[in-house]
2 protein chains.
Amino acid sequence: MQRPFVHPAVDDVSLESVLYALADPTRLEIVKRLAGGAACGMNCSMAAPADLPKSTQSHHFQVLREAGLIRSERRGTEVVNSLRCSELDKRFPGVIASILKASDKNKKK
Amino acid sequence: MQRPFVHPAVDDVSLESVLYALADPTRLEIVKRLAGGAACGMNCSMAAPADLPKSTQSHHFQVLREAGLIRSERRGTEVVNSLRCSELDKRFPGVIASILKASDKNKKK
DNA sequence: TTCAATAGTTCGATAATCTTGAACTACCGA
DNA sequence: TCGGTAGTTCAAGATTATCGAACTATTGAA
């Protein structure tokens with residue numbers, strides 16, 4: 001048996017850690033994909049930019065998990081990740097939603 | 001004459017850079033204070049945590065400026081900083097407002 | 001005009017953090 | 001039990017942050 005994932009309680013999630021997690025282009029992209037579709041594993045074509053090394057992906061998912069943004073569950077050999085949308089929206093109303101909406105028009109720079 | 005400040009056009013501001021700038025506790029605090037009161041200089045008691053070294057403060061204001069969050073203007077010997085609220089809200093509707101609101105209930109960690 | 005004080009910037013070195021290849025663990029199916 | 005797949009951990013090199021010290025600009029007074 002593998003070590004289980006640790007998820008912070010929603011009340012222990014800090015705004016800074018959420019913003020920090022979302023400030024990285026790769027992690028923002030992951031969150032956008034998770035928000036669009038259903039939960040999916042790390043290697044799922046929808047989850048993360050494909051050309052990124054596994055260890056880097058693993059690290060980014062860990063940051064997202066520890067920031068309280070995603071929930072990870074083992075399903076056999078893979079890990080299924082899902083966005084903790086509704087919990088987060090209760091704690092920080094509108095924050096995730098407005099960021100996700102804004103991330104669409106974020107073409108320049 | 002001192003080198004003038006460079007501010008990005010609002011359309012060149014990226015969501016990542018905004019989130020990155022706000023992910024730091026010191027910078028979030030600065031933005032909160034600027035949002036609360038009027039524009040003020042770096043050494044203004046309202047602007048930044050007082051115990052922080054000048055060079056570090058200067059760095060944080062630079063990050064905020066380059067991220068497009070604040071506008072800085074020289075007034076004689078001091079620099080007056082102000083939040084680019086309305087511009088940013090046009091580009092990323094609700095993002096700054098919801099973050100500022102959320103930052104109040106952000107007690108735990 | 002000269003001088004001291006104030007406000008902030010720049011530089012450089014140390015400290016902390018991120019990225020990634022390599023090795024490893026866990027689980028599934030044949 | 002063996003091979004393949006999915007993901008984690010470790011360690012080292014590359015980035016980035018922090019902060020003291022030296023510097024620049026501006027103001028106000030003598």
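Residue numbers begin at 1 in each chain, while the letters A, B, ... track the order of the sequences.
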Distance test, side-chain N/O of B:Thr77 to OP1/OP2 of D:dT27, below 4.0 Å: no
Side-chain N,O (A:Arg65) to OP1/OP2 (D:dT8) below 4.0 Å: yes
Starting at atom [atom1] of [X], determine the distance to atom [atom2] of [N], rounded to an integer number of angstrom.
| X | N | atom1 | atom2 | value |
| --- | --- | --- | --- | --- |
| B:Phe5 | C:dT9 | CZ | C1' | 9 Å |
| A:Arg75 | C:dC27 | CZ | P | 15 Å |
| A:Gln57 | C:dT20 | CD | C1' | 12 Å |
| A:Glu78 | C:dA26 | CD | C1' | 13 Å |
| B:Leu64 | C:dG8 | CG | P | 14 Å |
| A:Phe61 | D:dT8 | CZ | P | 9 Å |
| A:Ile70 | D:dG7 | CD1 | P | 11 Å |
| B:Glu73 | C:dG8 | CD | C1' | 16 Å |

Under 3.5 Å: donor-acceptor pair, side chain of A:Arg27, backbone of A:Ala21: yes
Report all interatomic pairs (protein N or O, nucleotide N or O of nucleotides 18-22 of chain D) with separations under 3.5 Å.
unit_1	atom_1	unit_2	atom_2	d
D:dC19	OP2	B:Thr56	OG1	3.4
D:dG20	N7	B:Ser55	OG	3.2
D:dG20	O6	B:Ser55	OG	3.0

Check ion pair B:Glu78-B:Arg75 (N to O, under 4.0 angstrom): no
Side-chain ion pair, A:Glu29 and A:Arg33, N-O less than 4.0 Å: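 The answer is yes: the pair qualifies as a salt bridge.
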Set of residues satisfying salt bridge (Lys or Arg N to Asp or Glu O under 4.0 Å) with respect to B:Arg65, sequence neighbours excluded: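 Salt bridge (Lys or Arg N to Asp or Glu O under 4.0 Å) check on B:Arg65 returns nothing, list empty.
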Along DNA chain C (nearest heavy atom to each residue), the more 5'-positioned of A:Gly76 and B:Gln62: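 Closer to the 5' end of DNA chain C: B:Gln62.
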Criterion salt bridge (charged side-chain N to carboxylate O under 4.0 Å, His left out) on B:Glu87 and B:Arg84, from CA distance to verdict: CA-CA 6 Å; B:Glu87 283 178 283; B:Arg84 296 174 68 180; 2.9 Å; yes
For A:Thr77, side chain to side chain contact (heavy atoms under 4.5 Å, CB included) partners two or more places apart: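 Once residues adjacent in sequence are excluded, A:Thr77 has no partner under the side chain to side chain contact (heavy atoms under 4.5 Å, CB included) criterion.
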Side chain to side chain, A:Val13 and A:Phe92, heavy atoms closer than 4.5 Å: yes
